[in-house]
Participant: 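Take a look at the following structure, please.
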Amino acid sequence: MNALKVLKKVCVIIGSVLLGLILAAVIFVFLLWHNEIGTVSSMKMLVDRNDAHKDGAVYVMHVKGDYYFDDFIEQGGVKNDTELLSFVTNHITKGLIKMKIKDPNIGCSSFTAVAENGDKIFGRNYDFAKTNTCIVFTKGSKKKHATISTVDLQYIGQPVDSNVETLMQKITCLAAPYAPLDGINDAGVSCGIYMTYQGDKTVATNQCDSLKKDITSTTMLRMILDYADNVDDAVKIAQKYNLHDSANTSFHYMVADASGRSAILEWVNGNDKTDNDGTARKLVVTYNDKDDYIGPNEAAADYQWLTNFIIQPGYYDESPLSEKKGFDRYEKLYEDLSKTNGKVRDEAAAMEILNDVSRRDWDLQGDNNGVTVHSCVFNLTKKTLMWVPNEHYGEEGYTFNFGFGK
């Protein structure tokens, strides 16, 4: 009888110890990853996939706490995707789960305009192929702005032909803040990234100024969204860093702010025939109010518009028109905007312009970006966003409006 009591007592003690260890482990995991757990839990589907229409699913995710971008800046950025993956893996998953990030191969259209009520507008199409996307919210702090951005989930390792369903898939989406394609911050600064196909075989920009820190394509956009109060700040950020476009791609950017100013950021060296050394490229900034040298249409317009070719004069003089990707859409944007001198009725009217250059019914001019994955109209004055997936313009259940604090 005494032996039985002792055994029971030992079992109780062992059980208590095990329970204590389990509880301690749960507390440790929560303390270490409570923000990441909250972020993963916030991920919700807005629109399911429709393979017949080449629609991927659409998700929304609210990033809880820090995603370590201040640490990313403090370490001096990164030179390539491998270094970026190492940073994201070590910081977000503490080295336990390997993350995936790669740069996109995309075609896009964008423009600035002014609404009838004076609100400043920035419109953008993201053209590619069927893929899942996520609208990502990040919180502001004393150091950085709150932001809303869109991420193509295939570039952080998600399959394009199925939904994001498993816990592991959702965990890898924690890398989403490092891969934005466009967005707006709570200061009314908006930015987008667009492929440029520079050089004979599309050579990546790969600057190597030893006096500058290093950054990759989408993290440049993230830095602008997080830290820029206006266009001038965005330009200063770009000037401080060596840009490293990876995955054999090249990009330019368009940035605008609530004052109505905008700028196009391009990295070039010579013309399309000679621009085959990514290390030799220099940043050229073209402002909306200082673009007389681009052409008479640009000189006469206070607004800007952009697609997938370098706008610098003479860049394609030695190349066939087919190398000037998106020039047809560039002309169509100007045709629509010039009718009203860059004025639009409202965000819905701006979305109609994006519809005019959406890809399913457009001559592709030799590229394979046959789907407009998402269209967004940023109101830089109100700091809001109208967002439409997969060219479902005007259809019930497909127009989403977002803002800060919602």
Side-chain angles (χ1 to χ4, degrees), residues 72-73 75-88 100-108 110 128 152 155 178-182 191-224 234-255 263-286 294 306-320 322-327 366-369:
F72 176 84
I73 300 303
Q75 78 162 28
V78 295
K79 294 181 180 179
N80 51 54
D81 285 346
T82 300
E83 291 183 3
L84 178 58
L85 281 172
S86 177
F87 176 87
V88 172
K100 296 181 180 180
I101 295 178
K102 61 178 182 176
D103 277 338
N105 182 350
I106 56 180
C108 305
S110 202
F128 189 48
D152 182 339
Y155 295 112
Y178 289 82
L181 298 170
D182 51 60
C191 188
I193 187 172
Y194 319 83
M195 191 173 172
T196 52
Y197 302 89
Q198 291 168 248
D200 286 338
K201 295 182 179 180
T202 309
V203 177
T205 299
N206 188 31
Q207 294 180 297
C208 56
D209 186 337
S210 61
L211 299 179
K212 294 182 178 181
K213 296 179 181 180
D214 301 289
I215 200 161
T216 59
S217 305
T218 56
T219 52
M220 170 77 79
L221 199 154
R222 168 52 60 192
M223 189 178 298
I224 289 171
V235 171
K236 290 176 183 177
I237 288 170
Q239 290 171 334
K240 286 172 55 179
Y241 285 85
N242 289 317
L243 179 63
H244 301 279
D245 292 333
S246 56
N248 296 317
T249 55
S250 57
F251 299 96
H252 56 187
Y253 299 73
M254 189 171 182
V255 61
I264 294 167
L265 315 181
E266 300 183 307
W267 286 257
V268 295
N269 176 40
N271 59 42
D272 193 43
K273 283 291 185 184
T274 64
D275 197 4
N276 296 304
D277 182 357
T279 66
R281 290 179 183 157
K282 304 294 183 183
L283 172 61
V284 179
V285 182
T286 304
I294 300 297
L306 189 67
T307 57
N308 296 109
F309 65 91
I310 294 295
I311 66 169
Q312 303 308 314
Y315 190 80
Y316 297 96
D317 283 354
E318 299 178 23
S319 302
S322 60
E323 294 297 310
K324 203 171 181 178
K325 302 291 186 182
F327 182 64
D367 71 46
N368 297 316
N369 299 312

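Predicted model, so just to flag it, every value in this text is computed and none were measured.
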Participant: Looking at OG1 of T202 and CG of D245, how far apart are the two atoms once the value is rounded to the nearest 0.5 Å?
Facilitator: 11.0 Å
Participant: Over all heavy atoms of both residues, which pair between N271 and G314 is shortest? Give the atoms and the distance, please.
Facilitator: CB-O, 4.0 Å
Participant: Any sub-3.5 Å donor-acceptor pair from R281's side-chain atoms to D275's backbone N or O?
Facilitator: yes
Participant: On a heavy-atom basis, which atom in F251 and which in Q198 lie closest, and how many Å separate them?
Facilitator: O-OE1, 4.2 Å
Participant: With a 6.0 Å cut-off (strictly less than), is the heavy-atom count around NZ of K212, excluding the residue itself, greater than 12?
Facilitator: yes
Participant: Report yes if the side chains of K79 and T216 come closer than 4.5 Å at any heavy-atom pair, otherwise no.
Facilitator: no
Participant: With side chains defined as the heavy atoms from C-beta onward, is the minimum distance between T307 and K325 less than 4.5 Å?
Facilitator: no
Participant: Under a 4.5 Å cut-off applied to non-hydrogen side-chain atoms, are D182 and C191 in contact?
Facilitator: no
Participant: For Y316, give me all partners under ring pair (Phe, Tyr, Trp, His ring centres under 6.0 Å), at least two apart in sequence or on another chain.
Facilitator: none
Participant: Begin with the C-alpha distance, continue with both residues' side-chain angles, and end with the deciding distance and a verdict on side-chain contact (heavy atoms from CB on, under 4.5 Å) for Y155 and Y178.
Facilitator: CA-CA 10 Å; Y155 295 112; Y178 289 82; over 6 Å; no
Participant: Does the pair D317 and K273 meet the rule for a side-chain contact (heavy atoms from CB on, under 4.5 Å), with working shown?
Facilitator: CA-CA 9 Å; D317 283 354; K273 283 291 185 184; over 6 Å; no
Participant: I'd like to check D272 versus Y197 (side-chain heavy atoms, cut-off strictly below 4.5 Å). Are they in contact?
Facilitator: no
Participant: Looking at every non-hydrogen atom in both residues, tell me the closest pair between Y194 and S110 and how far apart they are.
Facilitator: OH-OG, 2.9 Å
Participant: Pairing donors with acceptors under 3.5 angstrom, does anything connect the side chains of T196 and S250?
Facilitator: yes
Participant: Work out which heavy atom in Y241 is nearest to a heavy atom in Q207; give both atom names and the distance.
Facilitator: O-OE1, 3.7 Å
Participant: Looking at every non-hydrogen atom in both residues, tell me the closest pair between N276 and D200 and how far apart they are.
Facilitator: OD1-N, 2.7 Å
Participant: Applying side-chain contact (heavy atoms from CB on, under 4.5 Å) to K324 and I310, what does each step give before you reach the verdict?
Facilitator: CA-CA 8 Å; K324 203 171 181 178; I310 294 295; over 6 Å; no
Participant: What's the separation between atom CD1 in I294 and atom CD1 in I311, rounded to the nearest 0.5 Å?
Facilitator: 4.0 Å
Participant: Report the C-alpha distance between L306 and Y253 in whole Å, list the side-chain angles of each, state the deciding distance to 0.1 Å, and finish with yes or no for side-chain contact (heavy atoms from CB on, under 4.5 Å).
Facilitator: CA-CA 9 Å; L306 189 67; Y253 299 73; over 6 Å; no
Participant: Nearest 0.5 Å, please: how far is OG1 in T286 from CD in Q312?
Facilitator: 4.0 Å
Participant: Checking side-chain polar atoms at under 3.5 Å, does N242 have a donor or acceptor matched by the opposite partner on D214?
Facilitator: yes
Participant: Minimum heavy-atom separation for Q75 to F87, with atom names?
Facilitator: OE1-CD1, 3.3 Å
Participant: Does the side chain of L283 reach to within under 4.5 Å of the side chain of L265, using non-hydrogen atoms?
Facilitator: yes
Participant: Using a 4.5 Å cut-off on heavy atoms from C-beta on, say whether the side chain of E83 contacts that of N80.
Facilitator: yes
Participant: Rounded to the nearest 0.5 Å, what separation is found between the CH2 atom of W267 and the CG atom of L243?
Facilitator: 5.0 Å
Participant: Of H244, M223, R222, which is the lone residue that meets side-chain contact (heavy atoms from CB on, under 4.5 Å) with I215?
Facilitator: M223
Participant: Any non-hydrogen side-chain atom of N308 less than 4.5 Å from a side-chain atom of M195?
Facilitator: yes
